[in-house]
Structure formats: C-alpha cells, structure tokens
Amino acid sequence: MFKKQLPEESLKFYKQIKYRNLSAGNFISAQLILGLIDLKSNNIGNIKWKKIIIDSIEKICQLVKKIKDLLIVSFEKNLLSNEEIVTKNPERRVAHYTRPGVLFNLLKGKNPSKFRLNIVDFMNDPSENQVLTQWLNITTNPDNEIKTFLASFSFNHNSLNQFRLYGNEENIFGSGVSIAFNHNFFGQNAERSINMENFNITKQFSTSISENENQILNLDKTEDKPNTNLYPLPIYRCLYFDPKTEYISLAKRNKQSFYLEMSNEKKTQDIENEWKNYIDTLNEQKKIQDIRIHLKKINVLMSKLLKNRELQKIPNLQQLLSLAVLPISCLIKHAAFEDEDECRMIYITHIADKNIVEPTDYQAANNLYIEYKEIEDYIDKIYLGPQCKMQHKLWLQNHFKKKQTEKEIKLIKSEMPLR
C-alpha cells in the first residue's frame, strides 16, 4: 500500500530537489515529505494535505523575500541615468574595518589577495544567525550543509566605536584601518545572494513523476546552466531586533558621521538639509512597519507548522524550517548592536560549492571563505585609526603614488579622541 501511494520515481524526484535561489521552498517541502516517507505517515498520499504544508512553506519564503528586498542598499543605478547623481547618494560608500596587515595583503604587488566572505559558523558572536530563529522557537543545526558566508561593513566610515572593536593589531585599540568602498564594488541583483548553480531536478525524473507531485510544488522544468563564478553581490542593511520587546531599527548613517564627512565641503545648514533629505528618503518607519507585519505573519505560519502533530514526528523539523528564514536570519542582529550601523554582503550556498576556498594548511583549517574580487579599483578613501602606526600611512602613500592612477585614493588619519 505504501509503495503504491508513492512510486519509486516520486521518491527519486523529491531527493533530487536541492536548495537554490528560486526553489528554496521546494527543497524544504521536499525534505519534509521525505521525512514523512521515512516515518511511513498515513498522510503521505494525501495530495490536499501536502499542498497545505507546501503552501505554508512557500508563503514564509515569499515573506522572507519581501523583508530581504526592503533591506537591500539601493544605489539607484538603474533608475538614474546620471552617474554623478548616484555618487551623491548619502549611502554611496560603506566602510570595512580591518587590520593593516589584511589591507597589505589586499593591495600587495602583482598578486594581491581578493576580498573575502567568511563562513558564519566561526564568527566571534555566539548569537550570530540566532536572533530570529530563537524568536520563532526553532533551532539551527551546525551540521546543515547549507552555509552562509558574509562580509561586514558599516555606514559610518570614521567611527570611534568601530576602531575600538575591529582591526586592532598587537592588542592596540584604534590601530586598524577603515576601507571606504564605493558603490561599484557591489551588485544590485538580490537573487545573487543565494547560489544560482543548477541544483534543481534532472529531466530524467521530472518527466516520469505524477502530474500531482509536479503541480503541488509548481516546478519549472527549465534548467539553468551551472555557474561557478561569483557575480557582484548586493549589500543589505542590518535589522536590529530585541526579541523581548520586539523593538526594531534599521542600520543607517549616524548624524555625527554624516556631518564629519561633509564638514569640509558644505555649510552647517546645507548639511542639515541634506541630512533631513536622507532620513526622508530612507523612509525607515514605513519599512519597519512593513517588516513587523511580515515577521508576525512568519511567526504565525511557523507556529502552525511546529504544532502540526504529523510534522512534529520529523526529527529535523526545526532545522528544515530554519532554512526558510536563512536569507534574512543573518541580517537580523540583536538591538544591543544597534550603534554599529552594519550592512552585510551575504552568499548562501551548499558546502560543496566550488567557490569555497579549501584550507591550504592545518592552521587555516579553522575557517572557510569565499573569494570575491580585488579591491583597489573600488576604494574611495582609507581612514587610519587614531592609534594606527605612521609607517602604515607611509607605505600606503608609497603604494598609491607609484601607481599614478587617475583616481586619487584619500588617506585620512582619524582624529577621534581615543584614550
């Protein structure tokens, strides 16, 4: 009876569905169905029952996409024909705080290193990727083969707090550097944040399964060509969330940093007017209102799935459900970190992705990373921390002067009062 309810072709069909950009919901639904198959559930042959579960997963994924789209940092390149207008965007550049030693490797000689996105699993913050899932009462699994890689930036290019926390060498606070990247370093296609490689079903099984199985997953049988190149990736502003109070704020430029950058170019009143325009354009409160509505809907849908007695029997139910919110869970940080005004470049992929760089020696085995691109053509300014060594400024001056490029990269020594 059980085999009659689920033909061998259908079993193979579900096993072939992989997590990728346009079919994350299909993968999660397929894994849930496979879990029910293992348990020999009486409902596994009930198409209507399965469709209810699959529709709930799909709705969660759609809501996640809406939140993610609200968090993308837009440079409006596609809307503005005048590049000069784009470069006046208050968020036209963002800063990456790091050690001078890392910057040296990124700029050195004829073989500079590429900018890296590091795997989330080894981040210093133990709450990384956990704020949203804990609020939804689901857990993540470190053994999951779907991994997130990220790189962190800040909207504030010359921040005393950031210099205190990041990029310190020899345990000297404020000895790091802040690399201000322009908008050309990033892409605008949100779909690129999840691996676009063809992990979908093969034609071999898609033509032999029942029409009912195909319809409830609503699969597109067209196949993409495999991709092993990393396209320009967008950045997303972090959402700061307090699970206890449900307080929400969005990362953005702080006013002091905004004034500091423009103080040499404009009058105070002009800066104030531009600040007001920036806040109005950001439309933060409307975005927060929409995000709050989407999060509450996700919470309701998750709760129903978690309370489903049949699904509760699946051992890895929570881990599978956590994949539905994975695209935003790494963008939601605890409200305690609000003053960092962080934005992130993310890349979600399978652990077998060819873009993941394998360790070359045992000491490097405690990290995995993705190489993005060389950075020198995308740097506008480099801020040296208040305790950064003078020799670091000298080698940077030497490096850029010898290049004699048309574009000048400004070196600015931070005058933040670090004690």
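For clarity, every value in this text was computed on a predicted model and none was experimentally measured.
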Next on the checklist: Run the side chain to side chain donor-acceptor pair (under 3.5 Å) test against S56 and tell me which residues pass, sequence neighbours left out.
Outcome noted: none
Item to check | Sidechain-backbone polar pair: R253 side chain, P90 backbone, donor-acceptor under 3.5 Å | outcome: yes
Next on the checklist: Quiz question: by atom type and distance under 3.5 Å, do the side chains of S249 and E338 form a donor-acceptor pair?
Outcome noted: yes
Item to check | With A324 via side chain to side chain contact (heavy atoms under 4.5 Å, CB included) - residues at least two apart | outcome: I28, I60, C61, M302
Next on the checklist: I need the minimum non-hydrogen distance between I288 and I248, along with the two atoms involved.
Outcome noted: CD1-O, 3.6 Å
Next on the checklist: Is the shortest side-chain heavy-atom distance between N158 and F163 below 4.5 Å?
Outcome noted: yes
Checklist outcome for this item: Sequence neighbours excluded, the answer for ring-ring contact (aromatic ring centres under 6.0 Å, His included) partners of F149 is none
Checklist entry - If you look at every heavy atom in N182 and D377, which pair is closest and at what distance? => result ND2-O, 4.2 Å
Item to check | pair V102-V177: side-chain heavy atoms closer than 4.5 Å | outcome: no
Next on the checklist: List the residues meeting salt bridge (Lys or Arg N to Asp or Glu O under 4.0 Å) with D121, not counting sequence neighbours, and say none if there are none.
Outcome noted: K147
Checklist entry - Between E169 and S175, do the side chains contain an N or O donor and an N or O acceptor separated by less than 3.5 Å? => result no
Item to check | Side-chain donor/acceptor of N195 to backbone N/O of D353, under 3.5 Å | outcome: no
Item to check | Non-neighbouring partners of D242 that pass side chain to side chain donor-acceptor pair (under 3.5 Å), sequence neighbours left out | outcome: T245
Checklist outcome for this item: Between the CZ atom in F153 and the SG atom in C238, the distance rounded to the nearest 0.5 Å is 11.5 Å
Checklist entry - Counting N and O atoms only, with roles assigned by atom type, does the side chain of N254 sit under 3.5 Å from a partner on the main chain of S257, one being a donor and the other an acceptor? => result yes
Next on the checklist: Any non-hydrogen side-chain atom of L239 less than 4.5 Å from a side-chain atom of L71?
Outcome noted: yes
Checklist entry - Which pair of non-hydrogen atoms, one from N156 and one from A95, has the smallest distance, and what is that distance? => result O-CB, 4.2 Å
Next on the checklist: If only side-chain N and O atoms count, and only distance matters, is there a donor-acceptor pair under 3.5 Å linking D341 with S154?
Outcome noted: no
Checklist entry - Are the side chain of T148 and the backbone of V120 linked by a donor-acceptor contact shorter than 3.5 Å? => result no
Checklist entry - Given side chains that start at C-beta, do those of I370 and V357 come closer than 4.5 Å, heavy atoms only? => result no
Item to check | Pairs meeting criterion salt bridge (charged side-chain N to carboxylate O under 4.0 Å, His left out) with involvement of residues 279-289, two or more places apart | outcome: K252-E284, K286-D290
Item to check | Near-ring test Y97/Y166, centroid separation under 6.0 angstrom | outcome: no
Checklist entry - Among L70, I72, L282, V94, whose side chain to side chain contact (heavy atoms under 4.5 Å, CB included) with R237 holds? => result L282
Next on the checklist: Is the shortest side-chain heavy-atom distance between H157 and Y383 below 4.5 Å?
Outcome noted: yes
Validation: residues 109-116 side-chain donor-acceptor distances under 3.5 Å, sequence neighbours left out:
from	atom 1	to	atom 2	distance (Å)
S113	OG	N105	O	3.4
R116	NH2	Y369	OH	3.2

Checklist outcome for this item: By side chain to side chain donor-acceptor pair (under 3.5 Å), N273 pairs with (sequence neighbours left out) Q269
Next on the checklist: Suppose we screen for ring-ring contact (aromatic ring centres under 6.0 Å, His included). Which residues come up paired with Y240, at least two apart in sequence or across chains?
Outcome noted: none
Checklist entry - So N26 and S29, side-chain contact (heavy atoms from CB on, under 4.5 Å) or not? Walk me through it. => result CA-CA 5 Å; N26 289 338; S29 298; 5.6 Å; no
Checklist entry - So is R192 actually on top of Y231's ring, under 6.0 Å and inside 45° of the axis? => result yes
Checklist outcome for this item: The ring-ring contact (aromatic ring centres under 6.0 Å, His included) partners of F104 (sequence neighbours excluded) come to W395
Next on the checklist: Between R344 and E342, does any side-chain N to carboxylate O distance fall below 4.0 Å?
Outcome noted: yes
Next on the checklist: Taking atom CD as the centre, does E358 end up with more than 12 heavy-atom neighbours from other residues, nucleotides or ligands that are less than 6.0 angstrom away?
Outcome noted: no
Next on the checklist: Could you check whether any side-chain heavy atom of Q312 comes within less than 4.5 Å of a side-chain heavy atom of N308, counting everything from C-beta outward?
Outcome noted: no
Item to check | CA sep, side-chain torsions, deciding dist, call: F185, Y372, ring-ring contact (aromatic ring centres under 6.0 Å, His included) | outcome: CA-CA 10 Å; F185 190 60; Y372 183 52; 5.1 Å; yes
Checklist entry - Rounded to the nearest 0.5 Å, how far does CG of L321 lie from CG of L301? => result 10.5 Å
Checklist outcome for this item: Taken in chain and number order and not counting sequence neighbours, the residues that satisfy salt bridge (Lys or Arg N to Asp or Glu O under 4.0 Å) with K313 are E310
Next on the checklist: If you define the side chain from C-beta out and look only at heavy atoms, does anything of N355 sit under 4.5 Å from Y347?
Outcome noted: yes
Checklist entry - Does the pair K255/E272 count as a salt bridge with the N-to-O cut at 4.0 Å? => result yes
Next on the checklist: Looking at every heavy atom in both L107 and H399, which two are closest together, and how far apart are they?
Outcome noted: O-CE1, 3.1 Å
Can you give me every donor-acceptor pair (side chain of residues 291-299, partner residue at least two apart or in another chain, under 3.5 Å) with its distance?
from	atom 1	to	atom 2	distance (Å)
R292	NH1	E246	O	2.6
K296	NZ	E246	OE1	3.0

Item to check | Crowding at NZ, K373 (>12 non-hydrogen neighbours, <6.0 Å) | outcome: yes
Checklist entry - Between Q397 (side chain) and L411 (backbone), is there a donor-acceptor pair under 3.5 Å? => result no
Checklist entry - Does a side-chain N-to-carboxylate-O contact under 4.0 Å join K381 and E408? => result no
